[in-house]
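Everything below concerns the one structure shown next.
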Amino acid sequence: MTAPAAYNNHSLIGEALRLLASGLGPYVAGKMSEAVDAGHYIPDDSEAVGEIAGDIAVTLRVMTVAWNDVFRDALGPAERSLVSEIRETRNRWAHQDAFDEDDLDRALDSIGRLLAAVGAIAEAKRIDGAKHRLRLRRYGAPSPKATDADAPARDETEEPEPAGGPAGMRPMGRPGDVETRPTVASDADADARPAESTAVDDSARDQLLQNHIIQGVDLRRREHFGHAMGEFEQALGINPDRADAWFHRGMTWGLMGDHGRAIADFNRAIAIASDYAEAYNCRGYAYFCLGEYRRAVEDLERADRLNPGDELIQGNLQQARMRFLQQPGNPDPTRYGSGQVPER
């Protein structure tokens, strides 16, 4: 990660902690007040309890100290683990530690889960929005563009999705798609009519399919993931051999956090279009999220060969190589750190 990116991640975590203080503070203060009034808990530091709503460090510390007496019946072991994890994140943030994008993703996910657990829905939704935008940037999906009805439908990339990959990524059309046009002699108009009708039907079908993809991407951009999934499934119902439809559905699974299903859809896209650089990049990132770093590196290296110079792919590849080489028993990073991971 570059220094500016690490600095920006640090500031984003600071903003997330501020939202956590806003949503978690009133909940903790209320629970503490109820426990004290009922005689179930006598705080060791009454002054600190009074600062809960304004200081996330105090809030998390009070939750840790008073967990068994105040919070155990309302929250479970998972939430207790989240409190400990976020407390460590807050300490790192306070000491100006650098955060890479994986640290940021984990922090946003944990903070969002804790906010949801205590019913701070508005703050949780804002955190989840930031998390999905981060994942969208890492996946880097292109947006489809409406095309002329006579041309094969293509997944163009004239405009990137917000916070998405860089513009100019290779457009992805339907592999093997051939424009259907009647080629008949002028004295065979009667025979040409069925061919013309077929061409119109195919063109209309392709346009309908493309409209579903465009609508799905727009819904995904606005984080309406369930409705977006429905649009992509309708597109696949029209033509299951569209690589871009599988790709965009896989993107949606990934942004919803279901990386296993995302990989399955990217597999289908790659089976149809073996040179689909964006699908290799996204499948590599999904493997990365699952901790399968060798597979991540292999896919991202393939994406880099297919689309050399792409900053998004190269950034993902750099992080995947670093994580792979950090695993116990892997090769010397000084030997392989800047090159390809050795083959098995």
Side-chain angles (χ1 to χ4, degrees), residues 1-28 52-64 67 71 75-140 162-164 223 225 254-259 262 285-293 296 312 315-316 318-320 322-323 326:
M1 297 295 297
T2 63
Y7 176 81
N8 186 54
N9 291 344
H10 183 276
S11 65
L12 289 173
I13 287 180
E15 177 64 14
L17 290 170
R18 186 191 67 77
L19 284 171
L20 179 63
S22 175
L24 183 63
Y27 172 85
V28 173
I52 285 173
D55 190 327
I56 190 58
V58 174
T59 302
L60 295 171
R61 176 164 61 84
V62 167
M63 289 189 77
T64 301
W67 186 270
F71 302 101
L75 301 171
E79 286 73 35
R80 185 170 189 175
S81 296
L82 289 173
V83 169
S84 297
E85 178 187 327
I86 296 168
R87 194 176 180 190
E88 176 62 26
T89 298
R90 185 266 164 198
N91 291 339
R92 288 185 57 199
W93 174 82
H95 287 92
Q96 298 293 312
D97 287 359
F99 293 91
D100 63 21
E101 289 191 336
D102 304 309
D103 296 326
L104 176 59
D105 187 287
R106 177 64 178 266
L108 293 175
D109 186 69
S110 297
I111 290 171
R113 288 174 185 271
L114 185 56
L115 284 167
V118 301
I121 303 303
E123 291 85 356
K125 285 184 176 180
R126 291 186 62 184
I127 293 293
D128 284 346
K131 179 181 67 177
H132 289 309
R133 286 190 292 275
L134 171 66
R135 291 178 178 177
L136 186 59
R137 185 171 76 238
R138 293 291 299 277
Y139 273 115
E223 300 177 12
F225 298 115
L255 293 172
M256 293 168 66
D258 194 335
H259 302 294
Y285 177 58
Y287 278 131
F288 181 92
C289 291
L290 294 175
E292 298 187 36
Y293 300 123
L312 174 71
N316 286 342
Q318 179 183 0
Q319 292 199 37
M322 179 180 68
R323 287 299 179 93
Q326 288 174 345

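Note that this is a predicted model, so its numbers are computed, not measured. The basis for the numbers below is simple: all heavy atoms, side chains too, and nothing from hydrogens, waters or symmetry mates. Starting from 1, each residue takes its place in the sequence as its number.
Residues that satisfy the salt bridge (Lys or Arg N to Asp or Glu O under 4.0 Å) test with Asp128, not counting sequence neighbours, are Lys131. By the salt bridge (Lys or Arg N to Asp or Glu O under 4.0 Å) test, Asp258 pairs with Arg261, sequence neighbours left out. Residues passing the salt bridge (Lys or Arg N to Asp or Glu O under 4.0 Å) test with Glu292 are Arg295, sequence neighbours excluded. Checked against side chain to side chain contact (heavy atoms under 4.5 Å, CB included), Thr64 has the following partners two or more places apart in sequence or in another chain: Val83, Arg87. Every residue two or more places apart in sequence or in another chain that forms a salt bridge (Lys or Arg N to Asp or Glu O under 4.0 Å) with Glu85 is listed here: Arg106. When the side chain to side chain contact (heavy atoms under 4.5 Å, CB included) test is applied to Ala116, the partners found at least two apart in sequence or on another chain are Ala124.
Side-chain contact between Asp102 and Gln319: present, with at least one pair of heavy atoms (C-beta onward) separated by less than 4.5 Å. Considering only heavy atoms from C-beta on, Glu123 stays 4.5 Å or farther from Arg126 through its side chain.
Using a 4.0 Å cut-off between a side-chain N of Lys or Arg and a carboxylate O of Asp or Glu, Asp55 and Arg90 do not qualify as a salt bridge. With respect to Arg18 and Glu15, a salt bridge is recorded, a charged nitrogen being found less than 4.0 Å from a carboxylate O.
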Would you please test Asp103 and Asn9 for side-chain contact (heavy atoms from CB on, under 4.5 Å) and show each step?
-> CA-CA 9 Å; Asp103 296 326; Asn9 291 344; over 6 Å; no
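Note: Phe99 and His10 have tilted aromatic rings, judged against thresholds of 30 and 60 degrees for the angle between ring planes.
Judged by distance alone, with hydrogens and angles left aside, the side-chain atoms of Glu79 form a donor-acceptor pair with the main-chain N or O of Gly76 at under 3.5 Å.
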